[in-house]
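Worksheet: the structure to be examined is printed underneath.
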Amino acid sequence: MPSDADVCLLLDRMAIGDLLVRFASCLDEKDFEGYAALFSEKGTLELPGVLHQGRAGLAAFVARDLGRYHRTHHITSNHQITVDDDEAASRSYLHAVHLPDETDPSHWWSVGGWYDNTYLREDGGWRISSVRVTPVWLGGTAFPSPPPAEDA
């Protein structure tokens, strides 16, 4: 018979797994405000060569990068989740496909690697406190150019 602690751990892991699914869905639906709302107030997003700190401005930051694509398809899987009271961490597989042009679906680029995330329990639920994206491989026909610089 599972203990109350076991049940709580399973519920926390399920909630974080659901959060990871919303994380990917918001990106693909271009719901950048919804994506930013998944983060804690001081949350960070670390991509290769760039770091955004804080929920403020996160939606615009992600929109500058991913908003330029006609479609994206982000998959997060094989979630390894650890919970320690009101903090948690996960490593999950990342596979994302980016299609720049709606007229040519054969023109795309893809990345595979890891999402290493941390979480905080806030207001009775989980929020992302950090995301670090680590690419392992790239593929496809349309490799990305850097996103436009932020206005000064």
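Every value quoted in this text rests on a predicted model; they were computed, and no experiment measured them.
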- prompt: Does the side chain of Val83 reach to within under 4.5 Å of the side chain of Ile16, using non-hydrogen atoms?
  reply: yes
Glu122 atom CD, neighbour heavy-atom count above 12 within 6.0 Å: yes
query: Would you say Tyr93 and Val136 make side-chain contact, with heavy atoms under 4.5 Å?
result: no
- prompt: Could you give the distance from NE2 (His98) to CZ (Arg68), rounded to the nearest 0.5 Å?
  reply: 8.5 Å
- prompt: In terms of heavy-atom contacts, does CZ of Arg91 have more than 12 from other residues, nucleotides or ligands at under 6.0 Å?
  reply: yes
Shared hydrophobic cluster, Ile81 / Trp114 (ILVMFWY, side-chain heavy atoms < 4.5 Å): no
query: Do Gln53 and Phe61 come within less than 4.5 Å of each other through their side chains, counting heavy atoms only?
result: no
query: More than 12 foreign heavy atoms under 6.0 Å from CG of Asp6: is that the case here?
result: yes
query: Is Leu9 reachable from Leu120 through a run of I, L, V, M, F, W or Y residues, each pair having side-chain heavy atoms under 4.5 Å apart?
result: no
Any Val62 side-chain heavy atom under 4.5 Å of His52 side chain: no
field: Beyond-backbone contact of Tyr115 with Ile128, side-chain heavy atoms, under 4.5 angstrom
entry: no
For the student: nearest non-hydrogen atoms of Cys26 and Leu38, plus distance: SG-CD1, 4.5 Å
query: Is there side-chain contact between Arg132 and Thr118, with heavy atoms separated by less than 4.5 Å?
result: no
query: So, Arg71 side chain and Glu102 main chain: donor-acceptor pair closer than 3.5 Å or not?
result: no
- request: Quick one: pull up CG in Asp12 and CG in Leu19 and give me the separation to the nearest 0.5 Å.
  value: 12.0 Å
query: If you round to the nearest 0.5 Å, how far is OG of Ser130 from CG of Asn117?
result: 6.5 Å
field: Ile75 side, atom CD1; Leu94 side, atom CG - distance, nearest 0.5 Å
entry: 9.5 Å
- prompt: Is there a side-chain contact (heavy atoms from CB on, under 4.5 Å) between Asp65 and Val50 once you walk through the steps?
  reply: CA-CA 11 Å; Asp65 184 21; Val50 65; over 6 Å; no
message: Working to the nearest 0.5 angstrom, can you tell me the gap between His73 NE2 and Leu99 CG?
response: 10.5 Å
Closest heavy-atom pair and its distance - Leu58, Ala36: CD2-CA, 3.9 Å
task: Report yes or no: do Tyr69 and Val133 belong to one cluster of Ile/Leu/Val/Met/Phe/Trp/Tyr joined by side chain heavy-atom distances under 4.5 Å?
output: yes
- prompt: Does Ala37 offer a backbone N or O that forms a donor-acceptor pair with the side chain of Arg127 under 3.5 Å?
  reply: yes
- prompt: Under a single-linkage definition using a 4.5 Å side-chain heavy-atom cutoff for Ile, Leu, Val, Met, Phe, Trp and Tyr, are Leu27 and Trp109 assigned to the same hydrophobic cluster?
  reply: yes
message: Filter on side-chain hydrogen bond (donor to acceptor under 3.5 Å, both in side chains), then keep only pairs touching residues 32-51, sequence neighbours left out; what's left?
response: Glu41-Arg55
message: side-chain contact (heavy atoms from CB on, under 4.5 Å), that's the test. Do Thr72 and Lys30 meet it? Break it down for me.
response: CA-CA 9 Å; Thr72 61; Lys30 296 186 180 188; 6.0 Å; no
- prompt: Between Tyr119 and Ser129, which heavy-atom pair has the shortest distance, and what is it?
  reply: N-OG, 3.4 Å
- request: Would you check if Trp126 and Asp18 make a side-chain contact, meaning some heavy-atom pair closer than 4.5 Å?
  value: no
query: To the nearest 0.5 Å, what is the distance between CG (Leu20) and OG (Ser90)?
result: 5.0 Å
Worked check of ring pair (Phe, Tyr, Trp, His ring centres under 6.0 Å) between His70 and Trp108: CA-CA 10 Å; His70 169 65; Trp108 56 272; over 10 Å; no
statement: What one should report as the nearest heavy-atom pair of His74 and Ala96 is CD2-CB, 3.5 Å
